[in-house]
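Below: the structure, in structure tokens.
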Amino acid sequence: MADFYPCILIPVYRHGRACEEVVNSITQYNLPIILVDDGNESETKAYLSKIKENHSSVELVTLPKNQGKGGAFKAGVIRAKESGFSHILQLDADGQHDSSQIPFFVEKSKNSPEKMICGYPDYDETAPGHRKGGHKFANTWCAIVTWSDKIVDSLCGFRIYPTESTYAFVTKKRFDKRMGFDLDILLQMMQHGVDVEFYPVKVTYPTDGISNFHAFRDNVRISWIFTKLFAKMILTSPLMLWRKIFK
């Protein structure tokens, strides 16, 4: 595919030290990197400035105040679109994803450029039990609201998105800007006809011990997303049925 030109997008909030380790580990793949400073404090900003100074492949997008992972992702997608990138590999800044999988995912995306290529977690011993349970709960509801068993995992942040369809989505649709983002964008894009493929990626929980996930608040947000998408499913069920029959 002659116009396949991917980049890596990393939203960053409070994970400055871990992000430096992540970037140092992925520059070997020779892909442009967009870091989004999601309204960080001075310590994280210093790490991000250092990363940019040390790596010519890194571009830094700075948001004046924290907008959440979804808001930071949107800013990164807009920059990727402006820069002419055809695909966006989203990677979390905390170092939990096995970055050695990047070449494999890029190759899968090159072979299926219209699809989202999504990771599902292959957990190691560091994974908290409540995280595993939360993923199972979310995946069950995903099958309900999409009428599909395609979703192996809805919360893993290791994904490759086609830029055009993703840009159209983030600039025109409403979606959760915080910890429900990965779930919300996946389900809504699938409901609008974007196909997906899933492959395993090893997950190790954060190197710096900082988590931006708040169990009560963010689980409430995720439950609200499912409520909205379930209502939308009821309204759009004739279209979903038509797609299922004539696919």
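What you see is a predicted model; the values in this text were computed from it and never measured.
Under the 4.5 Å side-chain criterion, counting only non-hydrogen atoms from C-beta, Ile160 is not in contact with Pro6. Counting heavy atoms from C-beta outward, Leu63 and Val36 have side chains that approach closer than 4.5 Å. The shortest side-chain heavy-atom distance between Ile26 and Ile10 falls under the 4.5 Å cut-off. In this structure, the side chains of Ile185 and Arg159 come closer than 4.5 Å at one or more pairs of heavy atoms. Counting only heavy atoms from C-beta outward, the side chains of Glu82 and Arg79 approach each other to under 4.5 Å. A 4.5 Å side-chain heavy-atom check between Lys45 and Asp37 finds at least one atom pair inside the cut-off. You'll find the side chain of Asp94 reaches within 4.5 Å of the side chain of His15, heavy atoms only. Put simply, the side chain of Ser57 does not reach to within 4.5 Å of the side chain of Leu31, judged on heavy atoms.
Shortest non-hydrogen contact noted between Cys156 and Pro121 is CB-CD, 4.1 Å. Val61 and Ala75 get closest at one heavy-atom pair: CG1-CB, 4.4 Å. Annotation for Asp38 and Lys65: closest pair OD1-O, 3.9 Å, computed over non-hydrogen atoms. Heavy-atom minimum distance, Ile51 versus Gly16: CD1-O, 4.4 Å. Across Leu9 and Gly76, no two heavy atoms sit closer than the pair CD1-CA, 3.7 Å. Residue Gln101 comes nearest to Pro200 through the heavy atom pair NE2-O, 3.3 Å, listed as atom of the first residue, atom of the second, then distance.
Other residues, nucleotides and ligands place no more than 12 heavy atoms under 6.0 Å from the NZ atom of Lys202.
A distance of 12.5 Å separates OG in Ser25 from NE2 in His97, rounded to the nearest 0.5 Å. How far CG of Leu186 is from CD1 of Ile151: 4.5 Å, rounded to the nearest 0.5 Å. If you take CZ on Phe105 and SG on Cys118, they are separated by 8.0 Å, rounding to the nearest 0.5 Å. Here the CD atom belonging to Glu59 is positioned 5.0 Å from the OG atom belonging to Ser83, to the nearest 0.5 angstrom. Within the model, atoms CZ of Phe158 and CG of Leu91 stand 6.0 Å from one another, a figure rounded to the nearest 0.5 Å. How far OG1 of Thr163 is from CD1 of Ile88: 3.5 Å, rounded to the nearest 0.5 Å.
Checking side-chain atoms of Asn40 against main-chain N and O of Val12 turns up a donor-acceptor pair under 3.5 Å.
Between Lys108 and Glu197, no side-chain nitrogen of the basic residue sits less than 4.0 Å from a carboxylate oxygen of the acidic one, so the salt-bridge criterion is not met. Ion pairing of Glu20 with Arg17 is absent here, as no side-chain N (NZ or NE/NH1/NH2) approaches a carboxylate O to less than 4.0 Å.
Remark: aromatic rings of Tyr120 and Phe198 are distant, center separation not under 6.0 Å. Remark: aromatic rings of Tyr5 and His87 are distant, center separation not under 6.0 Å.
A side-chain donor-acceptor contact under 3.5 Å links Gln188 and Asp184. Judged by distance alone, the side chains of Asn24 and His55 do bring a donor and an acceptor atom under 3.5 Å apart. Residues Gln90 and Asp182 have side chains that bring a donor and an acceptor to within less than 3.5 angstrom of each other.
In this structure, Leu48 is a member of the same hydrophobic cluster as Ile33, with clusters built from ILVMFWY side-chain heavy atoms closer than 4.5 Å. Under the 4.5 Å side-chain heavy-atom criterion for Ile, Leu, Val, Met, Phe, Trp and Tyr, Leu89 and Tyr29 are members of the same hydrophobic cluster. Under the 4.5 Å side-chain contact rule for hydrophobic residues, Met189 and Phe85 share a cluster.
In this view, Thr27 satisfies the side chain to side chain donor-acceptor pair (under 3.5 Å) rule with no residue, not counting sequence neighbours. Every residue two or more places apart in sequence or in another chain that forms a salt bridge (charged side-chain N to carboxylate O under 4.0 Å, His left out) with Glu164 is listed here: Lys81.
Taking the ring centre of Phe73 as origin, the terminal cationic atom of Lys69 falls outside the region bounded by 6.0 Å and 45° from the ring axis.
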Steps toward side chain to side chain contact (heavy atoms under 4.5 Å, CB included) verdict (Val194, Met116): CA-CA 7 Å; Val194 179; Met116 289 183 285; 4.0 Å; yes
Worked check of side chain to side chain contact (heavy atoms under 4.5 Å, CB included) between Lys173 and His192: CA-CA 11 Å; Lys173 302 293 183 181; His192 284 83; 3.6 Å; yes
Side chain to side chain contact (heavy atoms under 4.5 Å, CB included) evaluation trace for Phe181 with Lys177: CA-CA 6 Å; Phe181 159 74; Lys177 299 296 194 301; over 6 Å; no
